[in-house]
Structures are given as C-alpha cells and as structure tokens.
Amino acid sequence: MSIKITRISGWMLKGLLLLFGGWVGLDILAKGFAEYSWFASLGYLSIFKTQLVARIGLWLLALLVTGIYLGGNLVFAHRWRNSASAARSAKTSGGLKLSQLLVAVGGMSLVMAGLLTHLGQLIGQFWQSPTEIVTTLPRALPQFTGDAALLVVRNWLQKPWQLLLLSGFLVGVSLYPGLVLAVIAGSLSLGMGLILSSQWPAVLVWLRATPFGSQDPLFAKDLGFYVFTLPIWELLRLWLTATSVIALISAVLLYLLADNSLSQGCFRGFSPQQQSHLLALSGIVLLALGWGFWLDRYALLYSARDILYGAGYTDATIKLPTGTLLSLGTAVLGLIFLGRASLFQQPRGPILLCRLLAAYLSIVFVAGFLLPRGVQSLWVEPNELARETPYIKRTIQFTRRAFDLETIEAQTFQPQNNLTAQALSQNDSTIQNIRLWDTRPLLEANRQLQRIRPYYEFPSADVDRYNLKVSPPQTQPSSPQAASVKRQVLIAARELNYENVPPEAQTWVNKHLIYTHGYGFTLSPVNTSEPSGLPKYLVKNIGTSMDEGTLQTATSAIQASIPIDHPRIYFGELTNTYVMAGTKVQELDYPSGNENQYNIYDGSGGIFFPHWWQRCLFSLYLKDWQLLFTRDFTPQTKVIFRRQIQQRVQAIAPFCDWIAIPIW
C-alpha cells in the first residue's frame with residue numbers, strides 16, 4: 001500500500017510540474033509576442049532583437065552552468081549516500097541523536113528556505129509584467145545578508161500563508177529529500193537564468209566598457225570600474241553564493257536523512273567520502289563569502305550617512321582594513337577546507353570543526369559589526385567635523401568633477417546700487433523672464449481652478465521656453481510680420497487619474513475602455529499674475545459653450561504659437577493602466593456642463609490584435625482574462641500599454657538612469 005501511495009504522489013507531483021512548466025512556457029511566449037509587437041509598433045525592432053539574443057544567451061549560460069553544478073552535486077551526493085562504504089564503514093564521525101538530528105535538519109531547511117525566499121522575491125520582480133515595473137538597473141543586486149535574512153523572517157511571521165508553505169517545505173524535505181532537492185535544483189537553475197538574463201543591459205555595457213580617466217581616492221581604481229565592472233562582479237557573487245550554499249545544504253540534508261535516519265531515531269555519522277564532499281562544498285562557500293567581503297570594500301564608496309555620501313572616517317580607517325582581513329582570512333579558511341577534501345584527510349572530529357566555525361563567526365561579528373559601530377559612536381561622533389573634514393573635501397571635489405565644475409572661481413559678491421536704465425534695456429529678455437511663480441503654488445491653483453472633474457489631476461508642472469508670437473500694430477498674428485519673443489512658461493498637463501474615479505464607477509469597462517485619456521494643459525508665464533494674485537493663464541480650460549473641446553487661449557497670437565489641435569493625453573505620468581482604443585464603446589473625451597462628450601481614438605499608437613490567438617496572448621501577458629470574453633472589440637481595436645513616459649523611454653534605453661523631473 002505504501003508503495004502505491006508513493007507512486008501516486010510521485011505521478012501527481014510530476015503532473016503538477018508539467019502543468020507549471022506549460023504555464024511558464026505560455027507566459028514566456030506571451031511576453032515575447034507582446035514585447036515584439038510593442039517594439040515593432042514604435043520602430044525599435046532592432047533593439048528588441050538585440051535584447052532577445054542577449055537574454056536568451058545569458059539565460060542558457062546560467063541555466064547550463066547552474067544545472068550542471070547543482071545536478072552534479074546531487075548525483076555525487078546520491079552515490080555516496082547509498083554506497084556500501086557509507087553503509088558499513090566504521091570510520092564514521094558526527095553521530096547524532098534524534099533530537100540533534102531534528103534540530104540539524106530543521107536548521108538547514110530553514111536556511112535553505114530563507115535563501116530561496118530571497119531569490120524568489122528577486123525572480124518575482126524580474127518576472128512581473130514590464131508594463132508596471134521600472135527597468136532602471138540598480139548598482140548591484142541585493143545579496144542575502146543578515147539584514148535580508150531578518151526581512152525574510154519578518155515576512156514569514158506577518159504572512160500566515162508563507163508560514164504554511166514553510167511548514168509544507170520542511171515536511172517535504174524530511175519525507176522526500178531526493179525529489180524535493182531535485183526540484184529545487186531545477187527551479188533554481190531556471191531562476192538564476194532569469195536573474196542573469198534580466199541584467200542584459202549591464203552585461204552589454206560591461207562588454208563595451210570605457211575607462212573614465214579618473215581614479216577614486218580610496219582604491220585608486222578607474223571610475224569606470226564602478227560603473228561597468230562592479231555590477232557584473234556583484235551579479236556573479238550572487239550566483240556563486242546562492243548556488244554554493246544550496247549545494248552544501250542539499251548534500252548535508254541527503255546525508256543526514258539517508259538510511260531512514262529519522263525513523264531509526266539516530267544518525268550514525270558521515271563516511272569519509274561524505275566528509276570529503278562536504279569539506280569541498282564548504283571550501284567553495286567560504287571562498288564565495290571571502291570574495292563577497294572583498295567586494296563589500298568597494299561598496300564603502302556608496303556609503304550614505306547624514307554628514308556625507310561616500311566613504312567616511314570609519315569606512316576608510318576601520319571597515320576597509322577589517323574587510324580586507326576578513327576577506328583574506330575567509331579565503332584562507334576555504335583553501336584549507338579544499339585542501340583537506342582533496343587529500344581525503346580524516347578530520348579530527350565535528351567538535352573541532354564546530355569550534356573553528358564558531359570562532360570564525362565571532363570574529364566576523366566583532367570585526368564587521370561591533371568594531372565599526374563602536375569607533376563611530378565613541379571616537380568619531382564626539383568630534384565629527386574634525387574627523388570627517390578630509391572626506392567632506394573629497395566629496396565636494398568629486399561632485400564638482402562629475403558636473404564639470406572644477407574651474408569655479410569663488411568670489412564674494414558685493415551688491416552695489418548702480419543699476420541703470422541702459423543695463424535694464426540691454427538685459428530685457430532676462431528681466432522679462434524673472435520667475436515669480438514656483439511650481440507648487442501654481443499646481444495648487446490649477447487643482448482649484450482647472451481640475452474641472454475629480455478624476456483630472458495635474459501631477460507636475462515643468463518650466464519650458466516657447467517662442468510666442470506678438471502682434472505688431474495693424475497686423476494679424478499669423479501674418480509674416482508677426483514677431484516672436486522667447487518666454488519662460490510653466491506648463492502642466494491635465495491627466496486622468498483613474499484612482500479618483502468614484503468607486504461605484506470603477507468597472508472593467510470604465511477602466512480599460514472609457515476612461516482612457518486626459519485632456520489639455522495649462523500654460524502660464526512665470527513672471528506675471530492676475531490682479532487678484534492668481535496665475536495668469538495663456539492656455540486654460542476645456543472650451544466654452546461656443547467652442548466645446550477647444551482649449552481657451554489668452555489671445556489669438558498665443559493660439560497661433562502653441563499647437564493645441566490634439567489635446568488628448570494618452571501617455572503621461574499617471575497613465576498606469578493599459579487601455580483598449582477603437583472599440584464599440586466610446587471613450588470619455590471631456591465634460592461639457594452636466595454631460596460628457598465622447599470620442600473614438602484615431603491616433604497611430606497601439607497594437608492591433610484582430611485574431612483570437614493574439615487576444616489570448618495579450619490576456620496572458622496583461623494578466624486580464626476579461627479580454628477573452630468581452631464583445632466590445634472590433635478588428636480595428638488597439639491595445640495600448642506601458643503608457644508612462646518614463647517607462648517607455650527606459651524600456652528602449654534601460655542602460656540609462658533617468659531623473660523624474662528635469663532640472664532647468
């Protein structure tokens with residue numbers, strides 16, 4: 001009966017894995033088709049092809065290397081787990097009683113679960129739909145440090161369903177270690193492939209690395225190293241640390257649970273082959289940790305504290321030398337482990353090994369945690385300005401160098417009362433554009449005077465310069481004699497914020513078919529106001545009863561200067577939803593009194609999906625099954641997604657960093 005139950009559970013698990021693999025395959029197909037269609041619609045298909053080749057190549061590389069390493073480790077572990085020497089050898093060491101065995105298995109399983117949770121969160125970020133995530137790459141991927149482990153534990157405690165999954169994982173490892181660990185190895189290989197492939201911009205930039213010709217003051221390395229090379233090293237560090245730790249824990253669990261040790265109530269010990277295997281894996285883990293300590297030294301240049309950004313006194317005098325010693329010490333310890341494994345020497349016993357590791361962890365805790373904090377609080381903070389002055393000067397020096405401001409000459413300005421009419425006339429353009437308005441009071445005024453409906457919003461106002469026509473006497477503004485002057489203005493777009501739509505109206509049809517766009521903008525000169533103190537608008541409102549839907553301009557000259565023929569805003573800062581345009585349902589265009597006016601999208605953007613299979617792929621890509629069942633689509637319907645301007649630009653050029661609001 002037990003054999004039948006085992007076979008049935010095995011077939012069920014294989015069936016679930018097959019279904020999961022099929023779903024993943026369809027999801028990849030949907031993502032590929034949607035991305036291909038999006039890039040093709042914008043004329044950037046060559047960028048998509050480059051991205052696709054890089055992603056597939058990196059994914060296959062990570063999949064093969066990770067799979068070979070973890071799979072080979074499991075093969076050797078199974079061989080030595082069930083070998084005759086492991087079963088009959090009297091030269092075993094490290095015997096455990098049942099209580100000790102349970103603690104060891106549970107502890108190892110928890111560490112593995114924590115690491116897998118951390119990696120799963122990373123994989124989930126990169127697997128999300130690109131319509132909702134920012135593609136700007138961080139300097140380095142988050143490593144599985146102590147802070148990350150505490151965050152994982154906190155999430156476990158706050159989410160009961162994660163605790164339930166954790167309990168199931170612990171039970172599964174205890175009952176079916178071989179099968180569960182094999183699934184973990186395969187899943188981790190796929191996940192590492194996804195993580196590495198998601199970093200394709202960093203890899204391509206690294207392949208085209210160029211020296212900056214300037215060195216940092218702490219390590220005397222070219223600054224290009226931190227931009228191009230360090231992110232790749234951090235990526236390799238994540239891969240090496242994760243795979244080596246998973247390989248070590250997998251081997252330990254297989255050996256601890258061999259020969260039905262839980263049912264027999266004891267573990268007889270590790271055989272010589274098993275000890276050599278574990279020593280080799282432990283040596284690799286220690287080398288990976290040593291390399292991590294070495295890379296953490298370079299992260300000191302990114303240290304952020306209240307007084308300055310970059311390496312400070314404690315970083316340069318304490319953290320740097322202790323990090324170097326910890327790195328070298330960990331690497332030496334790893335080489336010792338590898339040497340003992342290669343010579344098949346019999347260790348002196350688990351007690352000595354545990355004492356050695358405990359001493360090592362104590363040194364890491366004192367040198368890496370207690371000592372820097374003690375020096376900072378007891379030595380630096382009482383006289384912080386004197387200690388940090390050289391490092392503040394470095395920060396100022398390199399900040400000026402980064403913005404090409406090294407030739408600044410500091411002078412004391414002495415205001416003098418010598419302003420003349422001639423000086424004013426010579427600088428008339430500057431005088432006419434002295435700013436009176438800041439963006440914040442203008443936006444507050446816009447939200448009171450120009451919002452018109454609760455679902456309209458002005459997310460920001462930007463300073464720009466326009467050549468505005470000025471009508472000379474007895475001429476028409478559109479005539480060739482009409483002169484133009486450059487005016488500094490504040491422009492704010494009236495976008496549609498779907499979150500402000502009344503809750504009772506937040507239906508699927510309204511979200512994706514009707515409330516699709518904002519309407520119009522306001523344009524205000526920066527240096528004038530109305531007699532009441534309100535902003536003066538050159539462009540405002542959404543028409544009058546005589547010219548509904550046409551933005552109002554202050555003069556006919558302004559109307560001739562500013563293109564306002566197509567005021568509908570489908571792409572902006574608040575456009576977080578995807579929409580379908582050109583459907584049987586008319587889109588809300590603009591309010592007119594107590595009623596609304598409607599329109600049908602006639603722009604060139606968007607992607608046609610007339611066939612049922614295209615609808616299926618887009619529904620899977622957008623995670624929206626309503627696309628399959630609605631009857632409001634026509635052959636001319638287009639899907640418009642990734643409508644935020646910053647997301648669109650970053651999808652095309654993810655190797656660039658972008659600021660939210662330009663600085664003028």
Side-chain angles (χ1 to χ4, degrees), residues 6 9-25 28 58-83 104-124 126-127 141 144 152 165-166 168-198 235-258 273-274 277-278 280-285 287-288:
T6 303
S9 61
W11 280 107
M12 290 179 61
L13 182 59
K14 292 179 181 179
L16 291 175
L17 291 176
L18 183 62
L19 290 176
F20 177 75
W23 175 81
V24 171
I28 292 175
L58 293 172
W59 184 80
L60 289 176
L61 176 63
L63 175 66
L64 291 176
V65 176
T66 308
I68 291 173
Y69 179 62
L70 294 179
N73 174 69
L74 290 178
V75 169
F76 284 113
H78 278 288
R79 178 184 301 173
W80 290 322
R81 175 195 187 193
N82 301 317
S83 63
V105 172
M108 290 288 180
S109 301
L110 285 175
V111 173
M112 176 181 282
L115 179 56
L116 292 176
T117 302
H118 175 74
L119 295 174
Q121 292 172 352
L122 284 179
I123 295 170
F126 297 128
W127 191 258
L141 292 171
F144 188 62
V152 167
L165 287 178
L166 178 62
F169 175 77
L170 296 178
V171 173
V173 169
S174 301
L175 297 180
Y176 307 103
L179 181 60
V180 172
L181 294 175
V183 172
I184 290 174
S187 302
L188 187 60
S189 300
L190 294 172
M192 282 298 175
L194 179 62
I195 292 176
L196 184 60
S197 65
S198 66
L235 178 61
L236 295 177
R237 171 192 178 183
L238 176 69
W239 173 84
L240 181 59
T241 303
T243 53
S244 59
V245 171
I246 293 296
L248 174 60
I249 295 177
S250 299
V252 172
L253 289 175
L254 283 176
Y255 294 152
L256 289 177
L257 297 173
Q273 293 90 342
Q274 293 173 350
H277 186 203
L278 295 180
L281 294 176
S282 300
I284 296 175
V285 170
L287 289 177

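Side-chain atoms of Ser189 and Tyr69, non-hydrogen and from C-beta on, never get closer than 4.5 Å to each other. Inter-residue side-chain proximity for Ser197 and Leu194 is flagged as met; some heavy-atom pair is nearer than 4.5 Å. In this structure the side chain of Val173 reaches within 4.5 angstrom of the side chain of Phe169, judged on heavy atoms. The closest side-chain heavy-atom distance from Leu166 to Leu110 is below 4.5 Å. When side chains are defined from C-beta on, Leu74 counts as touching Leu254, because their heavy atoms get closer than 4.5 Å. The shortest distance between side-chain heavy atoms of Val180 and Leu175 does not fall below 4.5 Å. Residues Leu181 and Met112 form a side-chain contact, since some pair of their non-hydrogen atoms from C-beta on lies under 4.5 Å apart.
Between Thr243 and Leu70, the closest heavy-atom pair is O-CD2, 3.6 Å. Between Asn73 and Ala247 the shortest heavy-atom distance is ND2-O, 3.1 Å. Closest approach of Ala104 and Leu256 over heavy atoms only: CB-CD1, 4.0 Å. What you find for Gly191 and Ile123 is that their closest heavy atoms are CA-CD1, 3.4 Å. Looking at every heavy atom in both residues, Ser244 comes nearest to Ile284 through CB-CG2, 3.8 Å. The shortest non-hydrogen separation linking Leu257 to Pro177 is CD1-CB, 3.8 Å.
Between Ile249 atom CD1 and Leu278 atom CG the span is 11.5 Å, to the nearest 0.5 Å. Between the CG atom of Leu115 and the CD1 atom of Ile246 there is a distance of 4.5 Å, given to the nearest 0.5 Å. Summarising the geometry, atom CG belonging to Leu240 is positioned 11.5 Å from atom CG belonging to Leu235; distances are rounded to the nearest 0.5 Å. The structure places CG of Leu170 at 11.0 Å from CG of Leu165, a figure rounded to the nearest 0.5 Å. Of the inter-residue distances, the one linking Leu119 atom CG with Trp239 atom CH2 reads 13.0 Å to the nearest 0.5 angstrom.
By the 30° and 60° cut-offs, the orientation of the rings of Tyr255 relative to His277 is perpendicular.
No more than 12 heavy-atom neighbours from other residues, nucleotides or ligands sit within 6.0 angstrom of CZ on Phe76.
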